[in-house]
Amino acid sequence: MKHGSPPIEPGGAHQTRVVTLTRRKVLSDKAFEVELTRPPSFDFIPGQNIRFLYGALERYYSIISGPQEQKIALLIRHVADGAFTSILSSSAIGARFSITGPHGYFIFRPSPRPPVFVATGTGAAPFAAMCRAGISGFTLLHGVSLPEDLYYASLFRRSASRYVPCISQPTPENHLPAGAFQGTVTEYLRRELPRIKSDFYLCGRTEMVQEATLLIDDYFSDSRVYSEVFF
Ligand SMILES: Cc1cc2nc3c(=O)[nH]c(=O)nc-3n(C[C@H](O)[C@H](O)[C@H](O)COP(=O)(O)OP(=O)(O)OC[C@H]3O[C@@H](n4cnc5c(N)ncnc54)[C@H](O)[C@@H]3O)c2cc1C
């Protein structure tokens, strides 16, 4: 089982590179995307992340673009008074940043077991990159508070064999998207997901990753769990 602490790799991933902010796009009250120039020979595997170095700050963000794309795109959650997210949300287009990477091992590992991706909020980011690289046929549970926080729903619907938006705040039936579950991803895992041994990929909040890992141990014996903790 792999857990989500910032990983260390030898060699090129620790080389500092300068990237330029080329675009910012608001997705909802809670999140925005940024696009950065992609340095020459910056190769990555979908699911990997980059680290920003900004004064004394170091912050990691999963790449959402596919490996064939010209830019590095990121999905960022607005954090109230967040030291670095407030810089990313307000910097002028053309601002330059130092990064290292790619980092991380939260990558897709094909196996005979069916893959089940589980995300909360912006934890969907690595799965967007995987879809853009052509990975398909997975189950995806995406946990959000409200339907408007379901980033990349059409991308996920195209690639997943089963896409289940899990909406935690009470929402009128006629506002729920097709196939949605009213509740959290862990409630869905406990109550709805067929008990088949699977490869689980968990990404997002610590509480979800911990709770889901325990549930998988209890209900999905002989499964594998890979995880990436954002916060
Ligand atoms: C491997 C890895 C990949 C990551 N990928 C992404 C990603 O793709 N997108 C993304 O948005 N974040 C991602 N993160 C989280 C990111 O690195 C920052 O921690 C986050 O953006 C907050 O940074 P900040 O400096 O703005 O907030 P800080 O100044 O560090 O925190 C300010 C306050 O907000 C709280 N806080 C911090 N993060 C969150 C959060 N996510 N939600 C609610 N409260 C929070 C802190 O406890 C603190 O009280 C990732 C983290 C890791 C380790």
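Note that the structure is predicted; figures quoted are calculated from it, not measured. Remember, it's 1-based here, ligands and their atoms both numbered in the order they're listed.
- In summary, the atoms of ligand 1 found under 4.0 Å from a heavy atom of N49, numbered by their order in the structure, are 1 (C).
- No donor-acceptor distance shorter than 3.5 angstrom exists from the side chain of S98 to the backbone of T16, with no hydrogens or angles considered.
- Between L141 and R162 the shortest side-chain heavy-atom distance does not fall below 4.5 Å.
- Listed by number with element, the atoms of ligand 1 under 4.0 angstrom from any heavy atom of V229 are 52 (C), 53 (C).
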Sequence neighbours left out, cut at 3.5 Å: what donor-acceptor pairs do the side chains of residues 113-124 make with other protein atoms?
| from | atom 1 | to | atom 2 | distance (Å) |
| --- | --- | --- | --- | --- |
| R113 | NE | D199 | OD1 | 2.5 |
| R113 | NH2 | D199 | OD1 | 3.3 |
| T120 | OG1 | R205 | N | 3.1 |

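- Of all atoms in ligand 1, listed by their number and element, those nearer than 4.0 Å to a heavy atom of A83 are 24 (P), 25 (O), 26 (O), 27 (O), 28 (P), 29 (O).
- For the atom pair CE (M130) and CG (L155), the distance works out to 12.5 Å, reported to the nearest 0.5 Å.
- The 12-atom threshold is not exceeded at CG of D29, counting heavy atoms of other residues, nucleotides or ligands nearer than 6.0 Å.
- Between Y61 and ligand 1, at least one N/O pair is under 3.5 Å apart.
- For ligand 1, the atoms lying closer than 4.0 Å to a non-hydrogen atom of R59 are 18 (C), 19 (O), 23 (O), 24 (P), 25 (O), 28 (P), 29 (O), 30 (O).
- Listed by number with element, the atoms of ligand 1 under 4.0 angstrom from any heavy atom of E228 are 1 (C).
- Judged by distance alone, the side chains of T22 and T20 never bring a donor and an acceptor atom under 3.5 Å apart.
- With ring centers used as reference points, Y163 lies 6.0 Å or more from H142.
- Contacts of L74 with ligand 1, taken as heavy-atom pairs under 4.0 Å, are absent altogether.
- In terms of N/O distances under 3.5 Å, ligand 1 is not approached by D81.
- Inclusion of R205 in the set of residues having an N or O under 3.5 Å from an N or O of ligand 1 is not warranted.
- For ligand 1 and G82, the ligand atoms under 4.0 Å from any heavy atom of the residue are 24 (P), 26 (O), 27 (O), 29 (O), 32 (C).
- Residue contact check for ligand 1: T122 places a non-hydrogen atom closer than 4.0 Å to it.
- Geometrically, ligand 1 and Y60 share a nitrogen or oxygen pair separated by less than 3.5 Å.
- Centroid-to-centroid, the aromatic rings of F52 and Y61 come within less than 6.0 Å.
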For a quick test of your reading: what N or O donor-acceptor pairs under 3.5 Å do the side chains of residues 80-94 make, sequence neighbours left out?
| from | atom 1 | to | atom 2 | distance (Å) |
| --- | --- | --- | --- | --- |
| S86 | OG | G82 | O | 2.6 |
| S86 | OG | A83 | O | 3.4 |
| S89 | OG | T85 | O | 3.2 |
| S89 | OG | S86 | O | 3.2 |
| S90 | OG | S86 | O | 2.7 |
| S91 | OG | I87 | O | 2.7 |

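- Set against the non-hydrogen atoms of I76, the atoms of ligand 1 under 4.0 Å away are 11 (O).
- Proximity of F84 to ligand 1, defined as any heavy-atom pair under 4.0 Å, is shared by backbone and side chain alike.
- Note: no N/O pair closer than 3.5 Å links V79 and ligand 1 by distance alone.
- Checking side-chain atoms of Q68 against main-chain N and O of R132 turns up a donor-acceptor pair under 3.5 Å.
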